[in-house]
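It should be emphasised that the depicted structure is a prediction, and the values quoted were computed from it without experimental measurement.
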Amino acid sequence: MFIQPGNEKLSYMGRIDWSNPEEPLFVYPCTCVGMRFTGNRLNVRVRNEGTEWENYLGMILDGRQSILPLPEHGTVEFELNVVGDGTSEHEFLLFKRQDGCHETRFLGVELAKGARLLDMPKYTSRKIEVYGDSVSAGEVAEATAYIGKEDPIHNGEYSNSWYSYAWMTARKLHAQIHDIAQGGIALLNDTGWFHEPDRIGMEAAWDKIRYNPHFGELSAWDFSNYTPQVVIVALGQNDSNPYDYMKEAPDGEKADVWKGGYRDFLRKLRGKYPSAQIICCTTLLYHDNAWDDAIGQVVEGMQDERMTQYLFKRNGKGTPGHLRIPEAEEMARELAAYINSLPIEGWGPCD
């Protein structure tokens, strides 16, 4: 029995392109589709298009997480090992482990003959949205032998958004998440590492589904589809490339331009989400505290009672490499506790 992507019993989360309802497009980390079903067969069909790293999807079947290797280009069908007989009930989550280094279209699933799709638990009304870089995406999170160390040589296999501080925070809060995170991205165009040499910043990507021209025509996001009560802006670490002007000249012209760009970005977010609590931060990844000082100056100048800055206990001093699972957990614990301390409009019950 083949289940089309548009089946109403499937449960989706993330900023998804539904322009072709038979092939919904997954771009951002944490984007996922879940289902409950009976039977002892589950084949999952997807089509992938990659641009860098090796590409993988993540899955959780009956509580056990696994990794699914993808072809660089083309369609693949995964025959998954479902333990049980024809009446057994199962729960399955397919999710995007990595950032926009690849795009994946979900093409549907094949169940055993006579199997049934069951109702999924409804998501709570709590919603968060994260704008960030590789740390927010969970890049290299699974390299746990390198806690507090530089990254190992890798090709994408250690990246897992499930273990990003962003998704961990959402789970602690029993909230949905849209994780608008891309490795190497800075706030401003022409800085950072993403899409070198024609670097694209979050100022150009934030309102898109497809934001990487490598994959074709860019596509806009309809903000009416998802209204978060909490927005986390975790930018300001990749902006030091190719020159760390905030460290070298925090009162200089380039620093003023960046602060103006950050202010404009916050104003755009506030325009989309008039009632949201907006939290501005960086992460445990090593960076000069001049960037946090600049963020603090902008936030203070906004004079917005629903806009704050949060500094982690080991802010900018935790690790020279990407956050591993325990370090992401550390951030998530702090951030979830901070969010729980805030008066958040429309923050419904967690059950």
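The local environment of CD in Glu22 is sparse, with at most 12 non-hydrogen atoms from other residues, nucleotides or ligands closer than 6.0 Å. Atom CZ of Arg116 has 12 or fewer neighbouring heavy atoms from other residues, nucleotides or ligands inside a 6.0 Å radius.
Between Ile185 atom CD1 and Trp193 atom CH2 the span is 13.0 Å, to the nearest 0.5 Å. Taken from CD in Glu23 to CD in Gln4, the straight-line distance is 10.0 Å, to the nearest 0.5 Å. Rounding to the nearest 0.5 angstrom, the gap separating the CD atom in Glu305 from the CD atom in Gln277 is 9.0 Å. A distance of 4.0 Å separates CG in Asn48 from OG1 in Thr104, rounded to the nearest 0.5 Å. Between atom CD of residue Glu77 and atom CD of residue Glu110 there is a gap of 7.0 Å, rounded to the nearest 0.5 Å. The structure places NE2 of His102 at 11.5 Å from CD of Glu49, a figure rounded to the nearest 0.5 Å.
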Would you check, one step at a time, whether the test side-chain contact (heavy atoms from CB on, under 4.5 Å) holds for Lys268 with Tyr273?
-> CA-CA 9 Å; Lys268 290 175 181 176; Tyr273 308 129; over 6 Å; no

Check against salt bridge (Lys or Arg N to Asp or Glu O under 4.0 Å), Arg306 and Glu345 = CA-CA 10 Å; Arg306 291 195 180 98; Glu345 185 173 324; 2.9 Å; yes

Decide yes or no on side-chain contact (heavy atoms from CB on, under 4.5 Å) for Leu80 and Phe92, but give the supporting numbers first.
-> CA-CA 11 Å; Leu80 304 182; Phe92 173 69; 3.6 Å; yes

Starting from the C-alpha separation in whole Å, work towards a yes-or-no answer on side-chain contact (heavy atoms from CB on, under 4.5 Å) for Leu57 and Arg97.
-> CA-CA 5 Å; Leu57 291 175; Arg97 286 172 56 105; 5.7 Å; no

side-chain contact (heavy atoms from CB on, under 4.5 Å) between Met35 and Leu111: does it pass, once the steps are laid out?
-> CA-CA 11 Å; Met35 59 181 288; Leu111 301 180; 3.9 Å; yes

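With respect to the salt-bridge test (charged N to carboxylate O, under 4.0 angstrom), the residues Lys172 and Glu329 qualify. Salt-bridge annotation for Arg210 and Glu217: absent, with no side-chain N of the basic residue lying under 4.0 Å from a carboxylate O of the acidic one. Salt-bridge formation is detected for the pair Glu89/Arg36: a Lys NZ or Arg NE/NH1/NH2 atom is positioned less than 4.0 Å from an Asp or Glu carboxylate oxygen.
Residues Leu10 and Leu61 share a single hydrophobic cluster, defined by chaining ILVMFWY side chains whose heavy atoms lie under 4.5 Å apart. In this structure, Ile278 is a member of the same hydrophobic cluster as Val298, with clusters built from ILVMFWY side-chain heavy atoms closer than 4.5 Å. In this structure, Leu93 is not a member of the same hydrophobic cluster as Phe78, with clusters built from ILVMFWY side-chain heavy atoms closer than 4.5 Å. Taken together through direct or relayed side-chain contacts under 4.5 Å among Ile, Leu, Val, Met, Phe, Trp and Tyr, Trp162 and Ile180 form parts of separate hydrophobic clusters. Transitive grouping of hydrophobic side chains (ILVMFWY, heavy atoms separated by less than 4.5 Å) keeps Val233 and Leu311 in distinct clusters.
In terms of modelled atom types and a separation under 3.5 Å, the side chain of Asp304 and the main chain of Gly301 share no donor-acceptor contact. Of the possible donor and acceptor atoms, none in the side chain of Glu52 sits under 3.5 Å from a partner among the backbone N and O of Gly156. A donor-acceptor pair is defined here as one N or O able to donate and one able to accept, closer than 3.5 Å; such a pair exists between the side chain of Tyr12 and the backbone of Pro5. Put simply, the side chain of Ser161 gets close to the backbone of Lys96: a donor and an acceptor are under 3.5 Å apart. Between the side chain of Arg324 and the main chain of Ala141, no donor-acceptor pair closer than 3.5 Å is present. Put simply, the side chain of Lys208 gets close to the backbone of Ala204: a donor and an acceptor are under 3.5 Å apart. Remark: side-chain polar atoms of Asp62 are paired, donor with acceptor, to backbone N or O of Glu91 under 3.5 angstrom. Judged by distance alone, with hydrogens and angles left aside, the side-chain atoms of Thr38 form no donor-acceptor pair with the main-chain N or O of Ala115 at under 3.5 Å. With hydrogens and angles disregarded, a donor-acceptor distance shorter than 3.5 Å links the side chain of Glu157 to the backbone of Asn155. Of the possible donor and acceptor atoms, none in the side chain of Asp99 sits under 3.5 Å from a partner among the backbone N and O of Gln182.
Scanning both residues, Gln176 and Ala170, for their nearest heavy atoms gives O-CB, 4.4 Å. When all heavy atoms of Asp256 and Asp251 are compared, the closest pair comes out as OD2-O, 4.0 Å. Nearest heavy-atom pair across Leu323 and Thr319 is CD1-CG2, 4.0 Å. Pairing each heavy atom of Asn189 with each of Gly201, the nearest pair is OD1-N, 2.7 Å. Taking each heavy atom of Asn7 and Lys9 in turn, the nearest pair found is OD1-N, 2.9 Å. The shortest heavy-atom contact between Cys280 and Tyr262 is CB-OH, 3.2 Å.
Centroid-to-centroid, the aromatic rings of Trp221 and Tyr211 stay 6.0 Å apart or farther. Ring pair Tyr163/Trp167: centre-to-centre distance not below 6.0 Å. If you look at Phe265 and Tyr131, their ring centroids are closer than 6.0 Å.
Geometric assessment of Arg15 against the ring of Tyr28 yields a positive cation-pi assignment under the 6.0 Å and 45° thresholds. A cation-pi geometry, defined here as NZ or CZ lying under 6.0 Å from the six-membered ring centre and within 45° of its normal, does not hold between Arg263 and Trp258.
A donor and an acceptor atom, one from each side chain of Asn315 and Asp292, are located under 3.5 Å apart. Looking at Tyr165 and Thr283, their side chains never bring a donor and an acceptor atom within 3.5 Å of each other. In this structure, a donor-acceptor pair under 3.5 Å is present between the side chains of Thr282 and His287.
Between Pro152 and Val140 there is a side-chain heavy-atom pair separated by less than 4.5 Å. Using a 4.5 Å heavy-atom threshold, the side chains of Arg270 and Val231 count as separate. By the 4.5 Å heavy-atom criterion applied to side chains, Met302 and Arg267 are counted as neighbours. Side-chain contact between Glu327 and Met331 is absent, with no heavy atoms from C-beta onward closer than 4.5 Å. No side-chain heavy atom of Thr191 sits under 4.5 Å from any side-chain heavy atom of Asn238. Within the 4.5 Å cutoff, no side-chain heavy atoms of Leu25 are placed close to those of Phe106. Looking at heavy atoms from C-beta onward, Ile128 lies out of side-chain contact with Pro228 at the 4.5 angstrom threshold. In this structure, Trp347 and Val230 have side chains that are in contact, with non-hydrogen atoms separated by less than 4.5 Å.
Sequence neighbours left out, the pairs with a member in residues 319-338 that pass ring pair (Phe, Tyr, Trp, His ring centres under 6.0 Å) are Tyr310-Tyr338. Applying the ring pair (Phe, Tyr, Trp, His ring centres under 6.0 Å) test to pairs two or more places apart or on separate chains, those with a residue in residues 29-73 are Phe37-His90, Trp53-His154.
The only member of Glu139, Gln98, Gln65 that meets side chain to side chain donor-acceptor pair (under 3.5 Å) when paired with Asn160 is Gln65.
Residues that satisfy the side chain to side chain contact (heavy atoms under 4.5 Å, CB included) test with Asp244, not counting sequence neighbours, are Ser240, Met246, Lys247, Asp288, Trp291.
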